[in-house]
Amino acid sequence: MNIMSINAGSSSLKFSLFNMDTKDVLLSGLFERIGIEGSNYTIKYNDCKIKEEALMETHSDAIKILMDKIIELGVVKSLEEINGIGHRIVHGGSIYKESVVVTDKVLDDIIALSDLAPLHNPAHAICIKAFRDVLPNTPMVVVFDTAFHQTIEKDRYLYAVPYNWYTDYQVRKYGAHGTSHRYVAEKLKEELGRDDLNIICCHLGNGGSITAIKAGKCVDTSMGFTPHAGIIMGTRSGDIDVSMVPYVMEKAGKSAGEIMNDLNKKSGFLGISGISSDSRDIEDGIKEGNERCILTQKMYVNSIVKYIAEYYLLLGHVDVIAFTAGIGENSMDTRSDVIEKLSPLGIFINPEANNVRGKFAKISDKNSKVDVYIVPTNEELMIAQDTLKLIDRM
Ligand code: AMP
(Lines give C-alpha, C1' and ligand atoms only; values in the text may rest on other atoms or scores of the structure.)
Protein backbone atom coordinates (compact mmCIF):
# COMPACT_ATOMS: atom_id res chain seq x y z
CA MET A 1 0.00 0.00 0.00
CA ASN A 2 1.31 3.45 -0.93
CA ILE A 3 0.08 6.41 1.07
CA MET A 4 0.75 10.08 0.33
CA SER A 5 1.04 12.40 3.31
CA ILE A 6 0.31 16.07 2.61
CA ASN A 7 1.17 18.98 4.88
CA ALA A 8 0.04 22.29 3.38
CA GLY A 9 1.04 25.65 4.86
CA SER A 10 -0.28 29.02 3.74
CA SER A 11 2.26 29.20 0.87
CA SER A 12 3.96 25.81 1.04
CA LEU A 13 3.19 22.14 0.58
CA LYS A 14 5.26 19.31 2.07
CA PHE A 15 4.68 15.77 0.87
CA SER A 16 5.92 12.23 1.49
CA LEU A 17 4.87 9.09 -0.35
CA PHE A 18 5.24 6.02 1.90
CA ASN A 19 5.32 2.35 1.04
CA MET A 20 3.41 1.31 4.15
CA ASP A 21 4.51 -2.33 3.96
CA THR A 22 8.15 -1.33 4.48
CA LYS A 23 7.60 2.22 5.87
CA ASP A 24 10.08 3.37 3.18
CA VAL A 25 9.71 6.90 1.84
CA LEU A 26 9.43 6.52 -1.95
CA LEU A 27 9.48 10.25 -2.59
CA SER A 28 9.32 13.41 -0.50
CA GLY A 29 9.77 17.11 -0.88
CA LEU A 30 8.48 20.60 -0.60
CA PHE A 31 6.77 23.24 -2.74
CA GLU A 32 7.59 26.76 -1.57
CA ARG A 33 6.44 30.31 -2.26
CA ILE A 34 3.12 29.16 -3.75
CA GLY A 35 1.32 32.29 -4.98
CA ILE A 36 4.50 34.36 -4.49
CA GLU A 37 7.18 35.30 -7.03
CA GLY A 38 9.97 32.72 -7.19
CA SER A 39 7.82 29.65 -6.46
CA ASN A 40 9.89 26.48 -6.56
CA TYR A 41 9.96 22.86 -5.52
CA THR A 42 12.36 20.24 -4.24
CA ILE A 43 11.77 16.52 -4.71
CA LYS A 44 13.88 13.77 -3.13
CA TYR A 45 13.70 10.17 -4.34
CA ASN A 46 16.16 7.25 -4.52
CA ASP A 47 19.01 9.38 -3.09
CA CYS A 48 18.44 11.96 -5.88
CA LYS A 49 17.31 15.53 -5.39
CA ILE A 50 15.64 17.83 -7.91
CA LYS A 51 15.19 21.54 -7.28
CA GLU A 52 13.33 23.60 -9.87
CA GLU A 53 11.47 26.85 -10.24
CA ALA A 54 7.89 26.69 -11.56
CA LEU A 55 5.02 29.12 -11.71
CA MET A 56 2.49 28.10 -9.05
CA GLU A 57 -0.38 30.43 -8.33
CA THR A 58 -2.25 28.07 -6.03
CA HIS A 59 -1.75 24.78 -4.22
CA SER A 60 -3.65 23.09 -7.10
CA ASP A 61 -0.82 24.00 -9.46
CA ALA A 62 1.66 22.39 -7.06
CA ILE A 63 -0.39 19.18 -6.88
CA LYS A 64 -0.60 18.93 -10.68
CA ILE A 65 3.19 19.26 -10.91
CA LEU A 66 3.62 16.66 -8.17
CA MET A 67 1.39 14.12 -9.93
CA ASP A 68 3.21 14.63 -13.25
CA LYS A 69 6.61 14.27 -11.58
CA ILE A 70 5.67 11.07 -9.77
CA ILE A 71 4.92 9.41 -13.10
CA GLU A 72 7.82 11.05 -14.98
CA LEU A 73 10.32 9.87 -12.33
CA GLY A 74 8.87 6.36 -12.44
CA VAL A 75 8.15 6.31 -8.69
CA VAL A 76 4.85 4.59 -9.53
CA LYS A 77 3.66 3.42 -12.96
CA SER A 78 0.20 4.87 -12.58
CA LEU A 79 -1.45 7.22 -10.10
CA GLU A 80 -3.81 4.35 -9.21
CA GLU A 81 -0.86 2.95 -7.23
CA ILE A 82 -1.39 5.73 -4.69
CA ASN A 83 -3.89 3.99 -2.42
CA GLY A 84 -4.71 6.85 -0.07
CA ILE A 85 -3.94 10.45 0.75
CA GLY A 86 -3.67 11.87 4.26
CA HIS A 87 -3.83 15.59 4.88
CA ARG A 88 -2.57 17.37 7.98
CA ILE A 89 -5.21 19.91 9.02
CA VAL A 90 -4.19 22.68 11.41
CA HIS A 91 -7.62 23.28 12.96
CA GLY A 92 -10.47 20.90 13.69
CA GLY A 93 -12.08 23.19 16.30
CA SER A 94 -14.08 21.34 18.97
CA ILE A 95 -15.68 19.15 16.28
CA TYR A 96 -12.90 16.71 15.44
CA LYS A 97 -11.47 14.57 18.20
CA GLU A 98 -9.74 12.14 15.85
CA SER A 99 -8.77 11.63 12.21
CA VAL A 100 -11.61 10.99 9.75
CA VAL A 101 -12.22 10.04 6.11
CA VAL A 102 -12.91 13.08 3.93
CA THR A 103 -16.58 13.61 3.01
CA ASP A 104 -18.38 16.71 1.71
CA LYS A 105 -19.40 17.53 5.30
CA VAL A 106 -15.79 17.25 6.53
CA LEU A 107 -14.60 19.54 3.74
CA ASP A 108 -17.34 22.08 4.59
CA ASP A 109 -16.33 21.97 8.27
CA ILE A 110 -12.66 22.60 7.41
CA ILE A 111 -13.68 25.63 5.37
CA ALA A 112 -16.05 26.85 8.11
CA LEU A 113 -13.22 26.56 10.68
CA SER A 114 -11.08 28.99 8.64
CA ASP A 115 -11.92 31.75 11.14
CA LEU A 116 -9.76 29.89 13.68
CA ALA A 117 -6.88 29.18 11.24
CA PRO A 118 -7.18 31.78 8.48
CA LEU A 119 -3.80 31.04 6.88
CA HIS A 120 -3.99 27.25 6.92
CA ASN A 121 -7.51 25.82 6.67
CA PRO A 122 -8.29 27.49 3.30
CA ALA A 123 -5.03 26.03 1.89
CA HIS A 124 -5.99 22.57 3.22
CA ALA A 125 -9.39 22.83 1.51
CA ILE A 126 -7.77 23.78 -1.81
CA CYS A 127 -5.49 20.73 -1.57
CA ILE A 128 -8.36 18.35 -0.81
CA LYS A 129 -10.33 19.69 -3.79
CA ALA A 130 -7.28 19.51 -6.07
CA PHE A 131 -6.67 15.86 -5.18
CA ARG A 132 -10.37 15.12 -5.78
CA ASP A 133 -9.87 16.49 -9.32
CA VAL A 134 -6.74 14.50 -10.15
CA LEU A 135 -7.47 11.30 -8.16
CA PRO A 136 -11.28 11.18 -7.84
CA ASN A 137 -11.39 7.54 -6.69
CA THR A 138 -8.59 7.65 -4.13
CA PRO A 139 -9.76 7.79 -0.50
CA MET A 140 -8.57 10.72 1.59
CA VAL A 141 -8.21 11.15 5.32
CA VAL A 142 -7.69 14.27 7.40
CA VAL A 143 -5.51 14.33 10.53
CA PHE A 144 -6.18 17.33 12.76
CA ASP A 145 -3.36 18.97 14.72
CA THR A 146 -5.87 19.99 17.39
CA ALA A 147 -7.54 16.56 17.76
CA PHE A 148 -5.06 15.09 20.27
CA HIS A 149 -5.82 17.96 22.68
CA GLN A 150 -9.57 17.39 22.65
CA THR A 151 -9.26 15.14 25.71
CA ILE A 152 -8.25 18.16 27.84
CA GLU A 153 -10.90 18.80 30.51
CA LYS A 154 -12.97 21.97 30.48
CA ASP A 155 -11.37 23.39 33.65
CA ARG A 156 -8.05 23.37 31.78
CA TYR A 157 -9.17 24.48 28.29
CA LEU A 158 -11.32 27.46 29.30
CA TYR A 159 -10.02 30.97 29.89
CA ALA A 160 -11.30 33.07 32.79
CA VAL A 161 -12.93 35.58 30.43
CA PRO A 162 -16.65 36.36 29.93
CA TYR A 163 -18.25 32.95 29.36
CA ASN A 164 -19.96 34.07 26.17
CA TRP A 165 -16.50 34.46 24.51
CA TYR A 166 -16.53 30.65 24.64
CA THR A 167 -20.18 30.03 23.77
CA ASP A 168 -20.51 32.73 21.10
CA TYR A 169 -17.02 32.89 19.63
CA GLN A 170 -15.44 29.47 20.45
CA VAL A 171 -12.64 31.12 22.47
CA ARG A 172 -10.87 28.28 24.35
CA LYS A 173 -7.59 26.41 24.35
CA TYR A 174 -7.16 24.24 21.23
CA GLY A 175 -3.40 23.60 21.23
CA ALA A 176 -1.31 22.54 18.23
CA HIS A 177 1.46 20.07 17.25
CA GLY A 178 -1.00 17.32 18.29
CA THR A 179 0.18 14.96 15.55
CA SER A 180 3.77 15.24 16.78
CA HIS A 181 2.88 14.79 20.48
CA ARG A 182 0.74 11.75 19.62
CA TYR A 183 3.57 10.24 17.53
CA VAL A 184 5.99 10.63 20.47
CA ALA A 185 3.50 9.07 22.91
CA GLU A 186 2.87 6.11 20.56
CA LYS A 187 6.58 5.62 19.89
CA LEU A 188 7.36 5.52 23.62
CA LYS A 189 4.49 3.10 24.21
CA GLU A 190 5.87 0.82 21.48
CA GLU A 191 9.54 1.10 22.54
CA LEU A 192 8.94 0.72 26.30
CA GLY A 193 6.10 -1.79 25.93
CA ARG A 194 3.78 0.12 28.27
CA ASP A 195 0.44 1.78 27.56
CA ASP A 196 0.11 3.46 30.99
CA LEU A 197 2.98 5.96 30.63
CA ASN A 198 2.71 9.46 32.05
CA ILE A 199 4.73 11.65 29.68
CA ILE A 200 5.74 15.28 29.50
CA CYS A 201 6.49 15.84 25.82
CA CYS A 202 8.58 18.87 24.84
CA HIS A 203 8.17 19.68 21.13
CA LEU A 204 10.93 22.26 20.72
CA GLY A 205 11.17 23.51 17.15
CA ASN A 206 10.79 26.90 15.56
CA GLY A 207 7.32 26.65 17.07
CA GLY A 208 7.25 24.93 20.43
CA SER A 209 4.79 23.34 22.82
CA ILE A 210 4.78 21.14 25.87
CA THR A 211 2.11 18.55 26.52
CA ALA A 212 1.14 16.46 29.56
CA ILE A 213 0.06 12.97 28.46
CA LYS A 214 -1.56 10.35 30.71
CA ALA A 215 -1.80 6.82 29.29
CA GLY A 216 -1.80 8.09 25.70
CA LYS A 217 -4.33 10.89 26.34
CA CYS A 218 -3.49 14.58 26.42
CA VAL A 219 -4.41 16.28 29.72
CA ASP A 220 -2.93 19.71 29.00
CA THR A 221 -0.81 21.58 26.48
CA SER A 222 1.04 24.88 26.53
CA MET A 223 -0.34 26.38 23.31
CA GLY A 224 -3.74 27.98 23.63
CA PHE A 225 -6.47 29.54 21.53
CA THR A 226 -3.73 29.94 18.93
CA PRO A 227 -0.13 28.65 18.64
CA HIS A 228 0.96 31.95 20.10
CA ALA A 229 0.66 30.90 23.73
CA GLY A 230 3.04 28.89 25.91
CA ILE A 231 6.81 28.73 25.78
CA ILE A 232 9.11 31.20 24.00
CA MET A 233 9.61 30.23 20.31
CA GLY A 234 11.73 31.23 17.32
CA THR A 235 9.75 34.37 16.53
CA ARG A 236 6.70 34.11 18.84
CA SER A 237 6.66 35.60 22.32
CA GLY A 238 4.80 32.78 24.06
CA ASP A 239 2.72 33.77 27.11
CA ILE A 240 2.46 37.51 27.71
CA ASP A 241 0.32 39.95 29.69
CA VAL A 242 -2.24 41.08 27.09
CA SER A 243 -2.38 44.60 28.52
CA MET A 244 0.92 45.36 26.82
CA VAL A 245 -0.90 45.18 23.46
CA PRO A 246 -3.06 48.36 23.73
CA TYR A 247 -0.22 50.04 25.67
CA VAL A 248 2.34 49.56 22.88
CA MET A 249 -0.28 50.28 20.21
CA GLU A 250 -0.72 53.72 21.70
CA LYS A 251 2.94 54.37 22.49
CA ALA A 252 4.25 53.22 19.09
CA GLY A 253 1.20 54.28 17.04
CA LYS A 254 0.78 50.74 15.73
CA SER A 255 -2.39 48.93 14.65
CA ALA A 256 -3.54 45.68 16.25
CA GLY A 257 -2.37 43.84 13.12
CA GLU A 258 1.10 45.38 13.37
CA ILE A 259 1.37 44.43 17.05
CA MET A 260 0.28 40.85 16.26
CA ASN A 261 2.93 40.77 13.55
CA ASP A 262 5.53 41.93 16.11
CA LEU A 263 4.41 39.24 18.55
CA ASN A 264 4.31 36.47 15.94
CA LYS A 265 7.23 37.28 13.68
CA LYS A 266 9.59 39.57 15.59
CA SER A 267 9.53 38.21 19.13
CA GLY A 268 10.89 35.05 20.76
CA PHE A 269 14.57 34.24 20.05
CA LEU A 270 14.65 36.91 17.35
CA GLY A 271 13.16 39.59 19.56
CA ILE A 272 15.35 38.97 22.60
CA SER A 273 18.64 38.22 20.83
CA GLY A 274 18.15 40.83 18.11
CA ILE A 275 20.10 38.57 15.73
CA SER A 276 18.23 35.39 14.80
CA SER A 277 15.24 33.11 15.27
CA ASP A 278 17.46 30.05 14.77
CA SER A 279 18.67 28.30 17.90
CA ARG A 280 21.98 27.43 16.22
CA ASP A 281 22.78 31.14 15.85
CA ILE A 282 21.83 31.69 19.49
CA GLU A 283 24.18 28.87 20.55
CA ASP A 284 26.99 30.39 18.44
CA GLY A 285 26.30 33.78 20.03
CA ILE A 286 26.52 32.25 23.52
CA LYS A 287 29.94 30.77 22.64
CA GLU A 288 31.08 34.26 21.58
CA GLY A 289 29.83 35.72 24.87
CA ASN A 290 26.92 37.66 23.32
CA GLU A 291 24.90 38.85 26.35
CA ARG A 292 21.58 38.98 24.49
CA CYS A 293 22.02 35.39 23.27
CA ILE A 294 22.86 34.27 26.81
CA LEU A 295 19.69 36.05 28.00
CA THR A 296 17.61 34.43 25.21
CA GLN A 297 18.68 30.95 26.24
CA LYS A 298 18.02 31.66 29.96
CA MET A 299 14.52 32.95 29.20
CA TYR A 300 13.82 30.04 26.84
CA VAL A 301 14.86 27.45 29.40
CA ASN A 302 12.85 29.22 32.15
CA SER A 303 9.72 29.12 30.00
CA ILE A 304 10.14 25.38 29.34
CA VAL A 305 10.89 24.51 32.98
CA LYS A 306 7.81 26.43 34.12
CA TYR A 307 5.53 24.15 32.07
CA ILE A 308 7.39 20.97 32.98
CA ALA A 309 7.03 21.84 36.69
CA GLU A 310 3.31 22.52 36.31
CA TYR A 311 2.70 19.31 34.38
CA TYR A 312 4.79 17.31 36.85
CA LEU A 313 2.26 18.25 39.55
CA LEU A 314 -0.69 17.79 37.22
CA LEU A 315 0.35 14.23 36.33
CA GLY A 316 1.32 13.38 39.91
CA HIS A 317 3.81 10.83 38.69
CA VAL A 318 5.93 11.19 35.55
CA ASP A 319 7.54 8.23 33.76
CA VAL A 320 9.16 10.04 30.82
CA ILE A 321 10.18 13.54 29.80
CA ALA A 322 10.59 13.48 26.00
CA PHE A 323 12.40 15.96 23.75
CA THR A 324 11.45 16.22 20.10
CA ALA A 325 11.53 18.52 16.99
CA GLY A 326 14.51 20.51 15.65
CA ILE A 327 15.85 21.88 18.95
CA GLY A 328 14.66 19.01 21.16
CA GLU A 329 16.28 16.42 18.91
CA ASN A 330 19.49 18.32 18.18
CA SER A 331 20.41 20.79 20.89
CA MET A 332 22.39 19.06 23.62
CA ASP A 333 22.79 22.39 25.43
CA THR A 334 19.06 23.10 25.60
CA ARG A 335 18.31 19.58 26.86
CA SER A 336 20.99 19.75 29.53
CA ASP A 337 20.08 23.35 30.56
CA VAL A 338 16.45 22.26 31.04
CA ILE A 339 17.22 19.04 32.91
CA GLU A 340 19.76 20.79 35.15
CA LYS A 341 16.95 23.02 36.45
CA LEU A 342 14.87 19.94 37.29
CA SER A 343 17.41 18.59 39.81
CA PRO A 344 15.18 19.54 42.81
CA LEU A 345 12.76 16.92 41.43
CA GLY A 346 15.53 14.30 41.36
CA ILE A 347 15.76 14.43 37.55
CA PHE A 348 19.31 14.20 36.18
CA ILE A 349 20.89 13.97 32.74
CA ASN A 350 23.69 11.62 31.66
CA PRO A 351 26.03 13.99 29.77
CA GLU A 352 27.54 11.19 27.66
CA ALA A 353 24.17 9.76 26.65
CA ASN A 354 23.01 13.32 25.86
CA ASN A 355 25.83 13.70 23.34
CA VAL A 356 23.61 12.60 20.45
CA ARG A 357 21.47 14.20 17.76
CA GLY A 358 18.27 13.12 16.03
CA LYS A 359 18.15 9.56 17.40
CA PHE A 360 15.80 7.74 19.75
CA ALA A 361 17.85 7.60 22.95
CA LYS A 362 17.55 7.54 26.74
CA ILE A 363 19.60 10.45 28.06
CA SER A 364 18.86 10.45 31.80
CA ASP A 365 21.27 9.39 34.51
CA LYS A 366 20.66 6.02 36.16
CA ASN A 367 19.83 7.86 39.43
CA SER A 368 17.19 10.04 37.79
CA LYS A 369 13.66 9.61 39.17
CA VAL A 370 12.23 10.26 35.71
CA ASP A 371 13.57 8.79 32.47
CA VAL A 372 14.45 11.38 29.83
CA TYR A 373 14.34 10.43 26.15
CA ILE A 374 15.00 11.99 22.76
CA VAL A 375 12.20 10.85 20.43
CA PRO A 376 12.58 12.13 16.85
CA THR A 377 9.13 13.10 15.65
CA ASN A 378 7.59 11.91 12.38
CA GLU A 379 4.33 13.70 11.71
CA GLU A 380 4.28 12.54 8.08
CA LEU A 381 4.39 8.87 9.10
CA MET A 382 1.69 9.45 11.73
CA ILE A 383 -0.56 10.96 9.04
CA ALA A 384 0.13 8.03 6.70
CA GLN A 385 -0.57 5.49 9.49
CA ASP A 386 -3.92 7.11 10.35
CA THR A 387 -4.81 7.18 6.65
CA LEU A 388 -4.01 3.51 6.19
CA LYS A 389 -5.98 2.54 9.32
CA LEU A 390 -9.10 4.45 8.24
CA ILE A 391 -9.12 3.40 4.59
CA ASP A 392 -8.64 -0.24 5.65
CA ARG A 393 -11.96 0.06 7.49
CA MET A 394 -13.83 1.48 4.48
P1 AMP B 1 11.70 22.61 13.48
O2 AMP B 1 10.68 23.70 13.55
O3 AMP B 1 11.30 21.36 14.23
O4 AMP B 1 12.18 22.33 12.08
O5 AMP B 1 12.99 23.14 14.28
C6 AMP B 1 13.70 24.27 13.87
C7 AMP B 1 14.69 24.66 14.97
O8 AMP B 1 15.54 23.54 15.21
C9 AMP B 1 15.58 25.83 14.61
O10 AMP B 1 15.65 26.74 15.71
C11 AMP B 1 16.93 25.20 14.41
O12 AMP B 1 17.96 26.03 14.79
C13 AMP B 1 16.87 24.01 15.36
N14 AMP B 1 17.87 23.02 14.98
C15 AMP B 1 17.91 22.26 13.88
N16 AMP B 1 19.07 21.55 13.85
C17 AMP B 1 19.76 21.90 14.96
C18 AMP B 1 21.02 21.54 15.50
N19 AMP B 1 21.81 20.67 14.87
N20 AMP B 1 21.42 22.11 16.69
C21 AMP B 1 20.63 22.98 17.32
N22 AMP B 1 19.42 23.36 16.85
C23 AMP B 1 19.00 22.84 15.69
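Predicted, not measured: the structure shown is a model, and the values here were computed from it. The residues of the chain are indexed from 1 along the displayed sequence.
- Inspection of the Glu52 and Asn40 side chains reveals no N or O donor paired with an N or O acceptor under 3.5 Å.
- When the shell of 6.0 Å around NZ of Lys341 is examined, it contains 12 or fewer heavy atoms from other residues, nucleotides or ligands.
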### Task
For Tyr169 and Asp115, run side chain to side chain donor-acceptor pair (under 3.5 Å): C-alpha distance rounded to whole Å, both residues' side-chain angles, the deciding distance at 0.1 Å, then the answer.
CA-CA 10 Å; Tyr169 314 123; Asp115 269 358; over 6 Å; no
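- In summary, the side chains of Thr211 and His177 do not present any donor paired with an acceptor at a separation below 3.5 Å, with no hydrogens or angles considered.
- Here the closest non-hydrogen pair linking Lys214 and Leu315 is NZ-O, 3.4 Å.
- With hydrogens and angles left out, the side-chain atoms of Thr296 and Ser273 include no donor and acceptor closer than 3.5 Å.
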### Task
Give the intermediate values and the outcome of salt bridge (charged side-chain N to carboxylate O under 4.0 Å, His left out) for residues Arg194 and Asp319.
CA-CA 10 Å; Arg194 280 179 56 188; Asp319 297 294; 3.4 Å; yes
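- Between Phe31 and Tyr41, the two ring planes are tilted [angle within 30° to 60°].
- Phe348 approaches Ile339 most closely through the heavy-atom pair C-CG2, 3.7 Å.
- Under the 30°/60° scheme for interplanar angles, the aromatic rings of Tyr157 and Tyr166 are found to be tilted.
- Considering CG of Leu30 and NZ of Lys44, their distance stands at 9.0 Å, rounded to 0.5 Å.
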### Task
Carefully, step by step, assess Asp333 and Lys287 under the rule salt bridge (charged side-chain N to carboxylate O under 4.0 Å, His left out).
CA-CA 11 Å; Asp333 290 349; Lys287 283 185 202 118; 5.5 Å; no
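- Under the 30°/60° scheme for interplanar angles, the aromatic rings of His181 and Phe148 are found to lie parallel.
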